[in-house]
Number of protein chains: 2
Amino acid sequence: MKKKEHKECMSALIPVRDTLDVIGGKWKILILISIWEGNKHFREIERSIPKLSTKVLSKELKDMEENQLITRTVLNGFPVRTEYTPTEHSKSLKKVILELYNWGVNHRKKIFATIPS
Amino acid sequence: MKKKEHKECMSALIPVRDTLDVIGGKWKILILISIWEGNKHFREIERSIPKLSTKVLSKELKDMEENQLITRTVLNGFPVRTEYTPTEHSKSLKKVILELYNWGVNHRKKIFATIPS
DNA sequence: GATTTTGATTACCTTTAGGTAACCAGTTAC
DNA sequence: GTAACTGGTTACCTAAAGGTAATCAAAATC
């Protein structure tokens, strides 16, 4: 028997990994949506997402700022307020999330159509 | 100052989570692509993906079978062989992955265009 | 003057994902 | 008979993600 052949997997998957890193994790999409919906302040965003802790929110907001999904502005006022606003770039994610949503809906149909057989 | 308003985030995000669970993780997409490319046997798939261990492959193949992305067939022969083949359902993921890829490519452009300023 | 609100940071713990290596039975080639 | 192939399983360990709770300063409210 001759040696089995196998094809090597290409690593042009880096951009796919990048995208999954940006929107992956338990909270990132929820936080993004909260900001898209108009929540601007730290506590406002925190309270809009049940069970989200300040620590995680703080870390995710930094990540999202680095990834240019949001802009952080410190307003000089008496109780110093910070504003988070979505960038134009962030909005290009809406299409991606919609795609994930559509596939997920269809997948549920497939799975539930087969299990109760 | 009146009580700040904040909007609650909807949880129609379950299908998005589902999709991320199905394609998330370090290896799932690589394994899928390997099978799409024609690799059918356990060791063949394993060798096509550098650094992938048998334990992780074994677990991921089970997950993928449950999610109806692949079909597992045991061929009764002398050295018992097992074949993994992609389902039609799995192919609907190609569009999703392409979408992730496109966004990732564009995201890299954005990020690298800003950092060396 | 004590508490509450603002936007956080820090230390510590738990949970999950993933990695390492040994081992199994059956078969075939050396 | 011994080595290597087939398709896996098991026990153990590490690393990363996430959760809990305390703390911070400055200002406003009670």
Side-chain angles (χ1 to χ4, degrees), chain A residues 1-6 9 13 17-18 20-32 34-35 39-67 70-85, chain B residues 1-6 9 13 17-18 20-32 34-35 39-67 70-85:
Chain A
M1 189 191 280
K2 72 175 175 186
K3 200 151 162 278
K4 279 280 162 194
E5 311 226 331
H6 63 271
C9 269
L13 285 182
R17 262 280 80 71
D18 288 348
L20 289 176
D21 286 347
V22 169
I23 61 173
K26 202 167 170 182
W27 302 107
K28 292 207 180 72
I29 294 184
L30 285 164
I31 295 169
L32 243 188
S34 175
I35 294 173
N39 295 313
K40 284 179 173 357
H41 304 292
F42 195 91
R43 296 294 176 199
E44 211 176 13
I45 299 164
E46 189 184 3
R47 281 192 297 253
S48 75
I49 303 170
K51 312 238 173 180
L52 173 60
S53 70
T54 65
K55 182 201 152 191
V56 172
L57 176 57
S58 171
K59 191 215 143 216
E60 300 294 49
L61 287 172
K62 272 182 200 159
D63 277 14
M64 289 163 69
E65 200 195 351
E66 263 183 34
N67 281 316
I70 55 171
T71 307
R72 183 176 181 270
T73 320
V74 180
L75 306 170
N76 40 353
F78 316 116
V80 178
R81 307 213 84 193
T82 313
E83 252 187 37
Y84 298 94
T85 48
Chain B
M1 188 192 280
K2 69 174 179 188
K3 202 151 160 275
K4 280 278 163 195
E5 311 226 330
H6 63 270
C9 269
L13 285 181
R17 263 279 79 73
D18 287 348
L20 290 176
D21 286 347
V22 169
I23 62 174
K26 202 169 170 180
W27 302 107
K28 292 208 181 72
I29 293 183
L30 284 163
I31 295 168
L32 242 189
S34 175
I35 295 172
N39 295 313
K40 284 179 174 356
H41 304 292
F42 194 91
R43 297 295 177 198
E44 210 177 12
I45 298 164
E46 189 183 3
R47 279 191 298 254
S48 75
I49 304 171
K51 313 242 173 176
L52 172 60
S53 71
T54 65
K55 182 201 150 191
V56 172
L57 177 56
S58 171
K59 191 214 142 214
E60 299 294 47
L61 286 173
K62 273 179 199 161
D63 277 15
M64 290 164 68
E65 202 196 349
E66 263 184 33
N67 281 316
I70 55 171
T71 307
R72 185 176 180 269
T73 320
V74 179
L75 305 169
N76 40 352
F78 314 115
V80 178
R81 305 216 83 194
T82 312
E83 253 187 37
Y84 296 94
T85 48

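Only a predicted model underlies this, so the values are computations on that prediction, with no experimental measurement involved.
Remark: C1' of C:dT6 and CZ of A:Arg47 are 10 Å apart, rounded to the nearest angstrom. Look at CG on B:Leu61: it is 10 Å from C1' on D:dG8, rounded to the nearest Å. The CD atom of B:Glu83 sits 17 Å away from the C1' atom of D:dG8 (whole-angstrom rounding). Between the P atom of D:dA17 and the NZ atom of A:Lys51 lies a distance of 22 Å, rounded to the nearest Å. Per the geometry, NZ belonging to A:Lys59 stands 17 Å off C1' belonging to D:dT20, to the nearest Å. For the pair B:Glu44 CD and D:dT6 P, the interatomic distance rounds to 9 Å; values are reported in whole Å. Between the CE atom of A:Met64 and the P atom of C:dA8 there is a distance of 14 Å, rounded to whole Å. For A:Ile49 and D:dG19, the CD1 to P distance is 12 Å, given to the nearest whole Å.
When distances are taken from the side chain of B:Arg43 to each of C:dG18, D:dT6, C:dT6, the shortest belongs to D:dT6. Candidate nucleotides C:dT9, D:dG7, C:dT6 were compared by shortest atom distance to the side chain of A:Lys62, and C:dT9 ranks first.
Residues A:Arg43 and A:Glu46 are paired through a salt bridge, judged by an N-O separation under 4.0 Å between the basic side chain and the carboxylate.
Put simply, B:Trp27 has no side-chain N or O that comes within less than 4.0 Å of OP1 or OP2 on C:dA17. Close to D:dG18, at under 4.0 Å from its OP1 or OP2, lies no side-chain N or O of A:Lys28. Contact check, B:Arg81 against C:dT28: no side-chain N or O comes under 4.0 Å of OP1 or OP2. In terms of phosphate contacts, B:Ser58 brings no side-chain nitrogen or oxygen within less than 4.0 Å of OP1 or OP2 of D:dG8. For D:dG19, one of the phosphate oxygens OP1 or OP2 lies less than 4.0 angstrom from a side-chain nitrogen or oxygen of A:Lys26. When the side-chain nitrogen and oxygen atoms of A:Thr82 are compared with OP1 and OP2 of C:dA8, one or more of them lie within a distance under 4.0 Å. At the phosphate of D:dG7, OP1 or OP2 sits under 4.0 Å from a side-chain N or O atom of B:His41.
Contact of B:Thr54 with D:dT9 (side chain to base): a donor-acceptor pair of N or O atoms is detected under 3.5 Å. For a distance-only test at 3.5 Å, the side chain of A:Lys55 qualifies as a donor-acceptor partner of the base of D:dG19.
Taking the side chain as every heavy atom from C-beta outward, B:Ile45 and B:Leu57 approach each other to under 4.5 Å. The shortest side-chain heavy-atom distance between B:Lys26 and B:Val56 does not fall under the 4.5 Å cut-off. B:Leu61 is listed as a side-chain neighbour of B:Ile35, based on a closest heavy-atom distance under 4.5 Å.
Closest approach of B:Arg72 to B:Tyr84, counting heavy atoms only: NE-OH, 3.3 Å.
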